[in-house]
Amino acid sequence: MKNGYERFIRPVLFSLDAETAHNFTIALLRSASYVDPALRALSSFQSAPKPKTVFGVNFPNPIGLGAGLDKNGVALPAWAAMGFGFIEIGTVTAKAQPGNPKPRIFRFPDQQALINRLGFNNDGAEAIASRLRRLRESRRWPGNCRVGINIGKSRVTPLTEATEDYLCSFRLLRDFADYIALNVSSPNTPGLRELQEPTALSQLLRAIRDENQISARPILVKIAPDLSATELEEVIAVCEKSEVAGIIATNTTLDHSSIPPARDQAGGLSGVPLREKSTAFVRSIFARSKIPVIASGGISDAKSAREKFEAGAQLLQIYTGYIYRGPRLLRDIMETVS
Ligand SMILES: Cc1cc2nc3c(=O)[nH]c(=O)nc-3n(C[C@H](O)[C@H](O)[C@H](O)COP(=O)(O)O)c2cc1C
């Protein structure tokens, strides 16, 4: 049976172009973040806390909002009110950038999937750091929710200078983050995925670790589901050696075999068709390493959430499932969390 969001709100949002619907929703949640009665209304979706400590961070519950939904960190109080245990903002880049030409988000309701080629449109690390500082000073910073910050490379920065670009965002944003996720897996920034190659990844992680001596933030790496088995093993080995706190598995995929060719679009595919692949990655990492895994990819109901935990995930993130199922999805999943 369809829930209230699916019956009444989704049809309105889906009558709009995907990015317009996204911007409209974010604008509403941004406004709600400054209005106490609105936050109280949103908190009617909340479930009882189910705290869990992972890589030294105490999460009020293990279900988070995936990166890319609130790229600029404009609606933290609203997401927290809706009951997320953590929110990953970003991807943030050192330089503000507009992203790729529109249209750049496409819905595939039959597959419960999305394809996006946004290309890290965001306000840039400096503006986002100022916004987060203002939020903290306004005392509206959500105390009942952890905040991860996902950083990536600015498009104009050559791959050979990527480390400096990540360091710049890291320095500006670390004070606001319960963890920092290094995004080396978006398919929409040319060359970015090459940073998963062992030498490049080791170099990036070493530089971040040197810079992180005092701040001591947990550093996570977000990986692509399109790595071969050997490449995945290499990434795990580098993460172990570099004492990475966690791996986020996975980002969107370039495998579009589930999409009818006539409707296909360039970009990263997310949602139900990604589910099995990303679960297999979680299982592989869990079998080879003690590094905690945050599972991301195709979580669309309680069953697919349980599958990720059973594969070895410590925490989950949802994105495309939330677009299709709305706030009820979080409640459904929370009911299965022990
Ligand atoms: C429209 C859109 C934008 C996204 N932007 C980002 C991003 O900026 N950084 C990132 O690491 N992942 C991004 N993602 C990937 C999601 O965080 C998530 O890893 C992926 O969609 C798989 O989860 P899902 O199937 O639950 O959506 C984006 C996904 C979508 C659909």
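Numbering starts at 1 and runs along the sequence shown. Remember, it's 1-based here, ligands and their atoms both numbered in the order they're listed. Since the model is a prediction, treat every value here as computed from it, not as a measurement.
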*Between Asp255 and Thr253: side-chain donor-acceptor atoms closer than 3.5 Å*: no
*Can you figure out which of Ser270, Gly268, Ser186, Ala224 has its heavy atom closest to atom 31 (C) of ligand 1?*
Ser270
*Pairing of Arg131 and Asp123 as salt bridge, 4.0 angstrom limit*: yes
_For atom 18 (C) of ligand 1, what is the closest protein heavy atom, and at what distance to 0.1 Å?_
Ser296 OG, 3.2 Å
*Do Glu307 and Arg275 sit within salt-bridge range, that is, some charged N less than 4.0 Å from a carboxylate O?*
yes
*Salt bridge or not for Arg171 and Glu164, using N-O below 4.0 Å?*
yes
*Could you check atom 1 (C) of ligand 1 against the protein and tell me its nearest heavy-atom contact, residue, atom and distance included?*
Tyr319 OH, 3.2 Å
*Determine, using heavy atoms of Thr250 and all atoms of ligand 1, whether some pair is separated by less than 4.0 Å.*
yes
*asked:* Closer than 3.5 angstrom, by distance alone: can the side chain of Asn183 be matched with the main-chain N or O of Ser186 as a donor-acceptor pair?
replied: yes
*State whether the side chain of Ser15 and the backbone N or O of Val12 hold a donor-acceptor pair below 3.5 Å, judged by distance alone.*
yes
*Nearest-contact summary for atom 30 (C) of ligand 1 - protein heavy atom, Å*: Asn116 ND2, 3.3 Å
*Geometric class of the Phe14/Tyr324 ring pair [parallel <30°, tilted 30-60°, perpendicular >60°]*: perpendicular
*Looking only at protein heavy atoms, which one is nearest to atom 27 (O) of ligand 1, and how far off is it?*
Thr320 OG1, 2.6 Å
*Would you call Asp210-Arg206 a salt bridge at under 4.0 Å N-O?*
no
_ligand 1 to Gly271 polar contact by distance, N or O atoms, under 3.5 Å_ = yes
_Tell me whether Gly298 has any N or O atom under 3.5 angstrom from an N or O of ligand 1._
yes
*asked:* Can you report which non-hydrogen protein atom sits closest to atom 12 (N) of ligand 1, along with the distance?
replied: Lys222 NZ, 3.0 Å
*Among all protein heavy atoms, pick out the one at the shortest distance from atom 17 (O) of ligand 1; state its residue, atom name and that distance to 0.1 Å.*
Ala67 O, 2.7 Å
_Nearest protein heavy atom with distance in Å, relative to atom 8 (O) of ligand 1_ = Lys71 NZ, 2.8 Å
*Looking at atom 7 (C) of ligand 1, what's its closest protein heavy atom, distance included?*
Thr91 OG1, 3.5 Å
